[in-house]
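Working notes, structure below.
Treat the numbers as computed from the prediction; the structure is a model and nothing was measured. All residue numbers in this chain count up from 1 along the given sequence. Heavy-atom basis, side chains included; hydrogens, waters and symmetry copies ignored.
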Amino acid sequence: MTINVIMAGFGGQGILMGGNILVHAAMYEGKYVTWMPSYGVEMRGGTANCTVVMSEQEIGSPVIGHPQNIIVFNLPSKDKFEKLVKPGGFIIVNSSLIEEKVKREDVNVLYMDLNKMAEDLGEPRSLNMIALGAFIQYTKAVTLEHTKAAIQESFQRKPAVIEINKKALEYGYNYACENEIVRARQMA
């Protein structure tokens, strides 16, 4: 089975790192995987997104015209990618910065107050890991254990942030278990 996701927001929200963690978790599971980052020229505040494709089979292209899943961290990203999600797909919306609801009724949506959740954990930069935890819980794209191992490896040069990132991942994972996902209306 092939699972893909586009994570999008602005620079400084950990978009590319979140995608990178997901890629490493998929590799631990022996999957084929592609990661395609895209970002503006600004260091912080410019656009940033990445596309991740994971599969048990070889992947023909890292380009996704119509993603199965998106994680959007700001309104411009929601506006750009919402219309592209396949019917029945999944959208995680950072409701801290996006007050507007998803207009489509043929997708599943989870609204997460990511900035507040990250602040409550004591690490405002952990919103990417919270969203990633919710994504892997919903999609089962990779396991929680492999994602924690990817965090361990990716942050080995910054050991002080490993535990908070694992905690943020678990927080998002549990949040997706316990909170309502707005389900797509069944088409007749």
Side-chain angles (χ1 to χ4, degrees), residues 1-40 43-44 46-74 77 80-81 84-86 89-94 110 112 114 118 123 125-176:
M1 175 166 58
T2 299
I3 296 177
N4 62 54
V5 61
I6 293 176
M7 299 178 194
F10 56 78
Q13 291 181 306
I15 308 295
L16 303 182
M17 177 56 78
N20 196 300
I21 298 287
L22 186 57
V23 164
H24 282 87
M27 289 187 333
Y28 288 147
E29 295 186 10
K31 295 180 180 182
Y32 292 95
V33 64
T34 63
W35 177 69
M36 190 170 67
S38 174
Y39 45 89
M43 182 74 83
R44 286 191 173 269
T47 60
N49 65 70
C50 70
T51 302
V52 177
V53 181
M54 300 161 281
S55 182
E56 282 82 26
Q57 301 171 2
E58 289 187 26
I59 298 167
S61 172
V63 178
I64 304 170
H66 296 282
Q68 298 162 327
N69 309 285
I70 62 172
I71 303 171
V72 289
F73 290 85
N74 64 5
S77 297
K80 180 177 181 179
F81 292 109
L84 301 177
V85 177
K86 287 183 178 180
F90 180 51
I91 301 174
I92 294 176
V93 175
N94 179 8
L110 178 61
M112 300 179 76
L114 290 170
E123 179 48 71
R125 296 175 295 181
S126 66
L127 68 151
N128 60 340
M129 293 299 121
I130 296 170
L132 186 59
F135 171 77
I136 65 171
Q137 195 290 322
Y138 180 81
T139 63
K140 310 294 189 236
V142 293
T143 65
L144 184 61
E145 293 73 28
H146 283 124
T147 311
K148 286 181 183 180
I151 289 171
Q152 184 78 34
E153 178 186 354
S154 296
F155 290 110
Q156 63 186 342
R157 292 190 177 175
K158 297 180 181 179
V161 300
I162 291 173
E163 289 310 311
I164 190 63
N165 278 288
K166 287 181 181 180
K167 185 176 178 181
L169 183 77
E170 286 181 1
Y171 185 31
Y173 187 90
N174 292 331
Y175 183 89

If you measure from [atom1] on [X] to [atom2] on [Y], what distance do you get to the nearest 0.5 Å?
X      : Y      : atom1 : atom2 : value
Asn128 : Leu169 : CG    : CG    : 10.0 Å
Leu22  : Cys50  : CG    : SG    : 8.0 Å
Leu114 : Leu127 : CG    : CG    : 5.5 Å
Phe73  : Asn49  : CZ    : CG    : 11.5 Å

For [X], check side-chain hydrogen bond (donor to acceptor under 3.5 Å, both in side chains) against everything at least two apart and list the hits.
X      : value
Ser126 : none
Glu123 : Arg125
Asn165 : none

Give every residue pair that meets the salt bridge (charged side-chain N to carboxylate O under 4.0 Å, His left out) criterion with at least one member in residues 16-30, sequence neighbours excluded. Glu29-Lys31
Going by the rule side chain to side chain contact (heavy atoms under 4.5 Å, CB included), which residues pair with Ala134 if we only count those two or more places apart in sequence or in a different chain? Ile92, Leu110, Met112, Ala176
For Leu84, all residues meeting side chain to side chain contact (heavy atoms under 4.5 Å, CB included), sequence neighbours excluded: His66, Pro67, Phe81
Counting only heavy atoms not in Lys140 (residues, nucleotides, ligands), do more than 12 fall under 6.0 Å from its NZ? yes
Which side-chain hydrogen bond (donor to acceptor under 3.5 Å, both in side chains) pairs, counting each pair once, include a residue from residues 50-59, with sequence neighbours left out? Thr2-Ser55
According to ring-ring contact (aromatic ring centres under 6.0 Å, His included), who are the partners of Phe90, at least two apart in sequence or on a separate chain? Tyr138
Indicate the atoms forming the closest heavy-atom contact of [X] with [Y], along with that distance.
X      : Y     : value
Thr139 : Asn69 : CG2-OD1, 3.8 Å
Ile64  : Val52 : CD1-O, 4.2 Å
Ala131 : Ile71 : CB-CG2, 3.8 Å
Trp35  : Pro37 : O-CD, 3.7 Å
Ala141 : Met54 : CB-CE, 3.7 Å
Val53  : Ile59 : O-CD1, 3.4 Å

Under the salt bridge (Lys or Arg N to Asp or Glu O under 4.0 Å) test, which residues partner Lys167, sequence neighbours left out? none
Contacts under 3.5 angstrom, residues 150-157 side chains, donor-acceptor by atom type, not counting sequence neighbours:
| residue | atom | partner | partner atom | Å |
| --- | --- | --- | --- | --- |
| Gln152 | OE1 | Lys166 | NZ | 2.7 |
| Glu153 | OE1 | Tyr28 | OH | 2.1 |
| Ser154 | OG | Ala150 | O | 2.9 |

Could you tell me if the side chain of Tyr175 sits less than 4.5 Å from the side chain of Ile130, heavy atoms only? no
With heavy-atom distances below 4.5 Å as the criterion, would you say the side chains of Ile162 and Lys158 are in contact? no
Please list, one pair per line, the donor and acceptor atoms closer than 3.5 Å that link side chains of residues 4-12 to other protein atoms, with sequence neighbours excluded.
| residue | atom | partner | partner atom | Å |
| --- | --- | --- | --- | --- |
| Asn4 | OD1 | Gln68 | N | 2.7 |

